[in-house]
Number of protein chains: 2
Amino acid sequence: MNEPHPLASGDKSQGTSKKTAIETVQEQIRERVISGALGPGERLHVDKLRLEFGVSTSTMREAISRLLIDGLVTSEQQRGFRVAPLTLKDFRDITDARKLIEAQALRISLSNRSDVWEADLVAAYHRLSRIEERLIGEGKPEFAHDWDTWNSNFHDCLVQNCDNAWLKRFRRTLHQHSYRYHRRLIGDRSLPRDVRIEHKAIFDTAIAGDIEACVAAIEAHIEKSYTDLTQQHDLSE
Amino acid sequence: MNEPHPLASGDKSQGTSKKTAIETVQEQIRERVISGALGPGERLHVDKLRLEFGVSTSTMREAISRLLIDGLVTSEQQRGFRVAPLTLKDFRDITDARKLIEAQALRISLSNRSDVWEADLVAAYHRLSRIEERLIGEGKPEFAHDWDTWNSNFHDCLVQNCDNAWLKRFRRTLHQHSYRYHRRLIGDRSLPRDVRIEHKAIFDTAIAGDIEACVAAIEAHIEKSYTDLTQQHDLSE
DNA sequence: CGTCAAATAAAAAACGATTATTTTTAACAA
DNA sequence: TTGTTAAAAATAATCGTTTTTTATTTGACG
């Protein structure tokens with residue numbers, strides 16, 4: 001049924017078939033930044049990229065400019081654009097901000113629960129569990145990409161009923177950046193820990209309607225992600 | 001002698017004399033959006049604006065694109081840009097998000113206090129008080145604009161020591177939007193209430209180092225601002 | 001009269017070239 | 001060698017036009 005967005009833009013939804021060139025390019029560059037194909041701090045050569053994508057200067061510039069929106073790219077006076085750097089401090093700040101914002105978004109979402117949402121969440125959790133069984137239980141690393149997709153889907157589903165557009169927007173931005181650190185730190189390797197227990201706790205408390213327990217579980221989940229990633233790996237590697 | 005930024009960009013600081021055309025235009029359009037010269041929901045005609053500012057299409061497009069960053073402008077598939085609308089629900093959401101984020105930024109800032117900061121805050125409060133004495137005490141509405149400036153300066157000063165760039169960024173965005181509602185709802189009229197007591201409470205608790213009392217005071221201040229503005233005025237007016 | 005579709009007008013998106021700025025290279029003098 | 005500066009190259013910013021898309025009008029036909 002509902003195809004989830006791996007990390008795509010949050011609101012396009014309807015099948016607007018014909019995207020504008022700017023949007024297409026923007027999405028592809030974003031993908032490269034998040035995946036690390038364009039490394040942190042690396043310069044974005046408008047002319048090179050424009051030739052590669054077969055678009056004009058202004059189109060490329062506007063596409064890149066729009067990545068300033070979520071802070072994946074920075075711009076400096078007369079010296080163009082560059083990919084936002086990755087630093088430990090930044091990851092720490094993102095983690096703290098996520099704990100704050102995601103927790104609140106979750107509180108709101110959970111207090112607006114509905115039957116549809118409950119069904120969606122059960123479905124999302126079910127799919128995620130199956131992937132995790134294969135990825136972690138059976139140790140099949142080829143499911144890492146699917147896990148990204150469905151993990152993201154599960155977390156989106158949790159805050160689905162939060163009706164504060166600003167919190168949702170900030171949450172999405174932070175999640176995107178977090179994911180970038182994730183990609184950088186673990187690469188294609190499998191997860192450094194068994195997240196199944198954490199996800200179960202989040203799911204159970206959410207379904208049970210125990211808001212504060214669920215919030216605590218999410219906060220712990222986010223924090224643990226930071227600790228594990230930074231302990232086992234190194235940003236300068 | 002530190003000139004405060006009325007609501008300007010938070011980080012340029014150094015006297016980078018020659019701004020790029022895009023930046024100049026961007027700032028002016030932002031000003032128009034916040035002030036209401038460009039009304040909520042209004043379309044941004046690239047061609048008209050470009051002629052008015054004497055720049056090319058691409059420059060104007062890129063300038064407007066960059067206002068997407070802080071959400072003052074929205075863009076729709078093949079039908080250009082328009083000024084973000086103003087709605088009561090949005091103002092409510094902004095208020096809630098501000099309470100959450102500003103409170104946390106304040107907690108961090110206050111726990112990183114320093115002598116320099118204390119002096120800055122005393123100075124900022126002093127200047128604000130003087131303006132408020134004239135604006136509210138003596139009822140001189142011609143100080144309304146100065147009040148905007150120094151009120152903003154006082155609040156910036158409070159969170160000055162928050163070292164989480166993300167929270168600061170979100171706070172700044174929300175403040176900008178909040179200010180836009182403020183402008184729309186009270187216009188050039190003077191404040192609907194006496195904020196002197198609130199500011200005093202914030203200042204006193206901050207100096208005293210009573211973090212949670214200060215946070216509570218800020219939250220109340222933000223909430224009161226919403227209540228008073230929405231009770232006395234009407235968005236559709 | 002009202003509906004539908006072709007023709008026209010308006011506006012957005014995309015283009016590729018020109019101009020300004022920064023960075024690199026190279027020449028020369030201390 | 002080292003430091004300074006001027007020319008050259010590279011890259012960023014800006015420009016004005018062309019193409020594509022969407023909105024509006026017009027007019028034939030039911």
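Below, read A as the first sequence line, B as the second, and so on, with proteins coming before strands; counting in each chain starts at 1. Just so you know, these numbers come straight off a predicted model, no measurement behind them.
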Quick one: how far along DNA chain D does chain A reach, first to last nucleotide 5' to 3', anything under 4.0 Å to a heavy atom?
D/dT11 to D/dT22
Under a 3.5 Å cutoff, is there a donor and acceptor pairing between the side chains of A/W166 and B/D90?
yes
So, is the end of the B/R127 side chain (NZ or CZ) under 6.0 Å from the ring centre of B/F154 and within 45° of the ring's axis?
no
Aromatic ring centroids of A/H175 and A/H182 under 6.0 Å?
no
Taking NE2 from A/H45 and P from C/dT22, how many angstroms apart are they, rounded to a whole number?
17 Å
For DNA chain C, the residues among residues 47-62 of chain B that have a non-hydrogen atom under 4.0 Å from it:
B/T57, B/S58, B/R61
Whole-Å distance, A/I22 CD1 to C/dA12 P, equals 13 Å
Distance, rounded to the nearest Å, where B/E76 contributes CD and C/dA12 contributes C1':
13 Å
B/R32 pairs by salt bridge (charged side-chain N to carboxylate O under 4.0 Å, His left out) with which of B/E27, B/E52, B/E42?
B/E52
Test side-chain contact (heavy atoms from CB on, under 4.5 Å) applied to B/S75 and A/R66, step by step
CA-CA 11 Å; B/S75 112; A/R66 292 195 185 186; 3.7 Å; yes
Centre of B/F81's six-membered ring, under 6.0 Å away, within 45 degrees of the axis: is that where NZ or CZ of B/R43 sits?
no
Where do B/E62 and B/Q26 land on the side-chain hydrogen bond (donor to acceptor under 3.5 Å, both in side chains) test, with the steps shown first?
CA-CA 8 Å; B/E62 196 171 325; B/Q26 183 192 351; over 6 Å; no
Do B/S178 and B/R98 pair up side chain to side chain, a donor and an acceptor below 3.5 Å, judged on atom types alone?
yes
Let me know, please, whether A/A21 or A/R79 comes out on the 5' side of the other along DNA chain C by nearest nucleotide.
A/A21
